[in-house]
Amino acid sequence: MTEQTDAQLRDEVTAWLAAHWSPERRGDKTWLAEVVAAGWAVPRWSVDWFGRELADPQARIIERAFTEAAAPGSGQDRTNLWANTLLAKGTEPLKAQLVGPLLRGEVGMCLLYSEPGAGSDLAGIRTRADNQGDRYIVNGQKVWTSTAANADYGMLIARTDWDVPKHRGISFFFCPMKQPGVEVRPLRQITNESFFNEVFLTDVEIPADNLLGREGEGWGVLQTALAYERSVMGEMARGPRSGVKDATAEEPLIALAREAGVLADPVLRQQIAQAIAYKRLNALNTARAKADLAQGSSSSIMSLGKLAMSRILHEEARVRTAILGAESLYEGKDHPRAEDANFLTLNAYFTSIGGGTDQIQRNIIGERVLGLPKEPELDRDIPFRDVRTQGG
Amino acid sequence: MTEQTDAQLRDEVTAWLAAHWSPERRGDKTWLAEVVAAGWAVPRWSVDWFGRELADPQARIIERAFTEAAAPGSGQDRTNLWANTLLAKGTEPLKAQLVGPLLRGEVGMCLLYSEPGAGSDLAGIRTRADNQGDRYIVNGQKVWTSTAANADYGMLIARTDWDVPKHRGISFFFCPMKQPGVEVRPLRQITNESFFNEVFLTDVEIPADNLLGREGEGWGVLQTALAYERSVMGEMARGPRSGVKDATAEEPLIALAREAGVLADPVLRQQIAQAIAYKRLNALNTARAKADLAQGSSSSIMSLGKLAMSRILHEEARVRTAILGAESLYEGKDHPRAEDANFLTLNAYFTSIGGGTDQIQRNIIGERVLGLPKEPELDRDIPFRDVRTQGG
Amino acid sequence: MASLSAEERSALQDAVHRLLAERCTEADVRATMETPEGYDPDLWARLSEMGLPGLLIAEAHGGSGAGPLELEAIMEEAGAALLCSPLLASGVIAATLLAALGDEAANARLLPAVASGDAIATVALTGDKGAWTAGGVDVTASPTPDGWVLDGAAAHVLHAQNADILLALAHTAAGLDVFEVDPTAQGLTIEPAPTFDHTLRLARLTFTAVPAQRLEASGPVWDAVQAALDMALVALAGEQAGATRRCLDFTVDYANTRIQFGRPIGGFQAIKHMAADLLLEAESATSAARNAAARLAEGSPDAPAAISLAAFACADAFVTTTAASIQMHGGIAFTWAHPAHLYLRRARADAQLFGTPGFHRERYLQQLGA
Amino acid sequence: MASLSAEERSALQDAVHRLLAERCTEADVRATMETPEGYDPDLWARLSEMGLPGLLIAEAHGGSGAGPLELEAIMEEAGAALLCSPLLASGVIAATLLAALGDEAANARLLPAVASGDAIATVALTGDKGAWTAGGVDVTASPTPDGWVLDGAAAHVLHAQNADILLALAHTAAGLDVFEVDPTAQGLTIEPAPTFDHTLRLARLTFTAVPAQRLEASGPVWDAVQAALDMALVALAGEQAGATRRCLDFTVDYANTRIQFGRPIGGFQAIKHMAADLLLEAESATSAARNAAARLAEGSPDAPAAISLAAFACADAFVTTTAASIQMHGGIAFTWAHPAHLYLRRARADAQLFGTPGFHRERYLQQLGA
């Protein structure tokens, strides 16, 4: 492929989209295959792996054209967690088998990281993977797994060595989910939904080729995968591409208070203003971080977003409740405003607990951003089998 | 002394007070000496030490009679920190020399505990006391010492052994203050007062008899002294003896808001109500703790008082500021309300930092009351000279 | 009102504690909260045998003639166990309202069945807005040749779907009055409303020319209603204090046993310091609830202030503690199977019944003369 | 309003940073705050050479014609260093008010000296209550055969004790107007008021038939006053953001170096987690201040909302951070010799000037259409 100017590239992709894409194709399962075949899915990647070996600015041109046409499938070299992780760390046979299907959306995936005993302390996992030469046998329990019921593979961390400190005995796998030893049980959450599952693994077999990175080096592979995940979530968190605007549509809390007839209440007004401010300040922080990043300077602000979002969600739910008063006693379809307020009250914990509790986030911010010392880690340098796991 | 009935005792002390006390004697330096000589100062103590060997209920009869007559000097077996500590832990010569004068109020005292480098971590003191046989030579610096300028003795903790873990190398002294090596410098506080002093100790001499407890066991003596101090402060914190009453006089915050013309402001009203509530709830907690103690059951509530008081003081200062608005910009005699609000804002730290920060208090409550585990202590079991003292 | 001795009170509380430990476990609560009636008739019968529905009812009417101190003590137990029951509706609000109104004929007719637990009584106190004031009543009573009829709506009525005896506040031309209504009367609809706190039963009532019997009042009617509300607030404060303490206890237990990073999470200051702050909340709630009960029991002029203080202090403590409890537990408490959210749901409900914390802070300040 | 390029702005900010690092150390601040005038004339001359008093003044009047973005950037530096100066009074409020009023003759006469820093100007904006609205003005102007005279009182007037040019808002029969007053005029008293923030200079003014000259206004007078207030709020937000960040930085430094229990106190979650929360405050304050400046610079209709948001977010962040800083330091910050309280004092003052956080939260909500 010869080098193109930006204009040439823009023309090419625009012409290709004009020729191939139409909004009716949304949901068409063959679309992604065409995008992949044309080299638009992962333009930064090598030609061997469906790419065009383009630098970021040219890849952005392609993504922009897709965005303008509202066509999906481009930019997967930034956003496809599974394919990126696999390409970076997978064995050749596994890559040959799955990179294409992953880009074409033909493979259902899920994450098998957390365990009942390993939440904040993810490196404390106790699911075991025993090396049997050409395969590993896995036993254990995972939790907080979404989309597990339809998954073909799960990205799994499991312990392969119990005689080294906890971070060093972990391995990372693409675990085939469609086999008898995998039992997926929906987990009823406090919101009365079942978005997540528990996954029980009993003598589950994983081919040796499905190991990513080397045995015992799974913690490093996990960090790679988590970095992809964060960067994707960061992209998503950055708000509309048109930049941050001051309020145009009425703020939901103002609308709610107006509807409930309490917008004149001076005490509520202070609370509403503050809740809106938290949200707006986070948007401004994110916009500033994005501007910093665009100028090539790293920004410490992104790391604050999750903690800020936790406060925003809890506070908004609190103010909604204050606005509704006695109406918040109810739930169900006859009480949609109360249903919202109560759901948001509970679901705020999804953010303040999930993906690292607020407390863990404060550790991370204090240590990585502000440079404060880490706490003593009692279990860091001892063989995992000697680590304390029972309280009382 | 023969055993008396309660009624006899009550009659005796009432008669004695009637014969000896009159309000004009307040400030009379000979009064305390008479109280001590009559055995009313420390009725629980032995006859050898100015007491009557009475049990607590009878001692309370005496205290009550003194309280009713508004006469000072009784109950020192509960409230005289210095004399109690000395009697419990002092050498015979030192007791003979000072117990009487302490009860008679003839000796000025101060506390030489905290150091610039040993605040929350009091056991980290670095003031040294070198044993020279018949005396100790002390060098170091103390801070947060009130009444140091007029003190005859300071209760001092200093390190006598640097080769054992930090709690085990400390000794406790009655340090003579009126000698050349003792320099007392007033410490200007953020309130612009100088209630406290720094005390610099250079080759200060302490007779060996002035050691309390054994050398190296000063940490234990200190705990005894601190327990006396807390119990005295607890007594004082218990409020009027007539029991806890609901508001009778107007609450200061209400009066202030009324005077400032903002009592009708609904936002301020919520804040005022909450600030008053914090205070009132603490009074109710204290009354409940007192009732528990009176029934002989121990109470965990007392330990909450200091943390509660910190919140009360900071919150009251905050609400005062909100009430005053722009008036809080000022200080000085022309702005007494602002002077109050600003002073209280700063002086609240006296409680939230002094005598153990709120953070240390939460550790204590979490560990001693709720039974949560202690944190790892990196410096607990190593010789003090190996303990890290420099950051960065 | 005759109070029990401290020993009798303590014995009663212990007995309730033991009964609930056995018959009102978390599994029992979960089973009961899924039933339409929302309480366990067998457990209600046992509680009735112990005299709970009649606790506040005069001995002449089959009750034990006890008072706020006893009520607060047993409500601490009820709150701790998340008891689902019509006790608040029947034995507290209806019983107190009837006694305070002083219609002796009605009392002789109604109170014995309430005291024995054989009948469940409830009071329609307010309209949709949930303003617990005379102005909040949205039912009007009109005289007809055949007697009074009621029109309008009432909301947030505790256990109306289970009520044998239904009382309703209504405006007449002359002022507010209390009416007795047959729960099965024509023109009355009782719609159970699905509550976020599944352990609670509320209903909305609509009245269309519903025949009703006016109760005689020996004094101002609102005074009697306020007496019922104050007693309800004392009960609620006890429930909140007891539940706050229980929630803190199981949270601390978890913090002591849950190991992460090789040590119990309660050893980390983030958790330990939250727990310390919550202990202050829990102890303050307990003090406030007991103080409110004591002031009401002694008929102190400070009782209204003490009750309002307890109302917002206990409500806030309960919400704060249960909300923090979920955070301190982490993921496990994000599951339906964990009890923490049941306590949070109860806390959010209790913070609305008979006035929000903000309403009571305002009332407190007024009681202090501001 | 012509803005500098981003590079020029950055160069200006760097130059101010270097100057203040050298000439506005903590010791300098402590020395200056004890002087009656409350600013360092030598440093003021240096700042004037750099063009700061004239930053917002048109080039035609000797200024550099820059705008809110530049102002906000240098105020971050000024706030971080706790600069004591009449910049806000003279180069921001008075300069913006004059420019917005548009009395060209007065501007030609007054602004060059303000721009060069040779004259210090200030504006008497409000009365004792400190309500930053037209209704808050307590001075009235009456016409006499010899011209206007002013009567009444003004309070919270920045650097009036140092002013060469004194402007005052006053009510006339026709509405609000701005008047120029000779600071040495008969009938005028300027009483310096002792401030809790010693780095601040405020005075109270009383007017008794003080001769004054009315300035012409090219539009509604309050619009011009609001323009001055908005510019002042942007300046204050920058100062608050910069000071918040500096206070956080020295607090984190201390937490990294202060050893207790054998390790830096910043390793304990109690301190570490407070620091993390404060970082969110500091970054949010910075974002809010810069956003307010950007919106004002571009003349966006969202500017008033952005300014109010910055006003309360920055004020709260600064007070919260400085208050927490003292707690995190412990005893050392309870001493006069430690700088933490100087920042807290400034924070408390800044939270009152031109409206409290509560005032601006209410204004913000109104700007959002509520």
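Protein chains get the first letters and strands the later ones, always in sequence-line order, with residue 1 at the start of each. Model, not experiment: these values are computed from the prediction.
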* To do: Pick one of side chain, backbone, both or neither for D:Phe268, based on which atoms fall under 4.5 Å of a heavy atom in chain B.
  => side chain
* Between B:Asn192 and chain D, which part of the residue has a heavy atom less than 4.5 Å away: side chain, backbone, both or neither? -> both
* To do: Sort D:Ile326 into side chain, backbone, both or neither according to what part of it lies under 4.5 angstrom from a heavy atom of chain B.
  => both
* Check each atom of B:Leu324 against the heavy atoms of chain D and say whether the ones under 4.5 Å are side chain, backbone, both or neither. => neither
* Structure fact -> What one should report as the nearest heavy-atom pair of D:Phe334 and B:Phe350 is CE1-N, 3.7 Å
* Asked: Which atoms of B:Leu346 come close to chain D, meaning under 4.5 Å heavy atom to heavy atom: side chain ones, backbone ones, both, or neither?
  -> both
* Structure fact -> The interface call for D:Leu342 against chain B, heavy-atom contacts under 4.5 Å, is neither
* Distance-only, no hydrogens or angles: does the D:Gln327 side chain make a donor-acceptor pair with backbone N or O of B:Ser352 under 3.5 Å? -> yes
* Asked: With only heavy atoms counted, which part of B:Ala322 is less than 4.5 Å from chain D, the side chain, the backbone, both or neither?
  -> neither
* Asked: Donor-acceptor pair, D:Gln260 side chain versus B:Gly119 backbone, under 3.5 Å?
  -> yes
* Asked: At their closest point, which heavy atom of D:Ala270 faces which heavy atom of B:Gln359, and how far apart are they?
  -> CB-CG, 3.7 Å
* Structure fact -> Max heavy-atom pairs within cutoff under 4.5 Å with chain D, candidates B:Asn347, B:Val267, B:Asp358, B:Thr321, goes to B:Thr321
* Asked: More than 12 non-hydrogen atoms from neighbouring residues, nucleotides or ligands closer than 6.0 Å to CZ on B:Arg368, yes or no?
  -> no
* To do: Compare all side-chain heavy atoms of B:Arg388 with those of D:Pro264 and state whether any distance is below 4.5 angstrom.
  => yes
* To do: State whether the side chain of B:Tyr349 and the backbone N or O of D:Ala323 hold a donor-acceptor pair below 3.5 Å, judged by distance alone.
  => yes
* Can you list the steps and then say if D:Leu344 with B:Ile190 is a side chain to side chain contact (heavy atoms under 4.5 Å, CB included)? -> CA-CA 10 Å; D:Leu344 177 61; B:Ile190 50 175; 6.0 Å; no
* Asked: Should we count CZ of B:Phe200 as having more than 12 external heavy atoms under 6.0 Å?
  -> yes
* Side-chain heavy atoms of D:His198 within contact of B:Glu331, under 4.5 Å -> yes
* To do: Measure distances from B:Gln189 to the heavy atoms of chain D and classify the residue's part below 4.5 Å as side chain, backbone, both or neither.
  => both
* Could you pull out the closest heavy-atom pair between D:Arg258 and B:Pro116, with the gap in Å? => NH1-O, 2.6 Å
* **Top of B:Asn363, B:Asp334, B:Thr345, B:Ile382 for chain D proximity - count of heavy-atom pairs under 4.5 angstrom** => B:Thr345
* Among B:Leu187, B:Thr191, B:Leu329, who wins on heavy-atom pairs under 4.5 Å with chain D? -> B:Leu329
* At what distance, to the nearest 0.5 angstrom, does OG1 of D:Thr335 lie from CZ of B:Arg188? -> 10.5 Å
* To do: I would like to know whether B:Glu375 and D:Phe261 meet side chain to side chain contact (heavy atoms under 4.5 Å, CB included); could you show each step before the answer?
  => CA-CA 11 Å; B:Glu375 288 202 85; D:Phe261 307 103; over 6 Å; no
* Heavy-atom pairs under 4.5 Å with chain D are the metric here; pick the option from B:Ser120, B:Gly332, B:Gly124 that has the most. => B:Ser120
* For B:Ala326 against D:Gly130, the heavy-atom pair lying closest together -> CB-CA, 4.2 Å
* Rounded to the nearest 0.5 Å, what separation is found between the OG atom of B:Ser328 and the CG atom of D:Asp197? -> 11.0 Å
* To do: For each of B:Val387, B:Leu378, B:Thr357, tally heavy-atom pairs with chain D at distances under 4.5 Å, and name the one with the top tally.
  => B:Leu378
* To do: Measure up the B:Tyr330 and D:His156 rings against each other and bin them: parallel (under 30°), tilted (30 to 60°), perpendicular (over 60°).
  => parallel
* Check D:Gln352 against B:Gly325 and note the closest heavy-atom contact, atom names and distance. => OE1-C, 3.0 Å
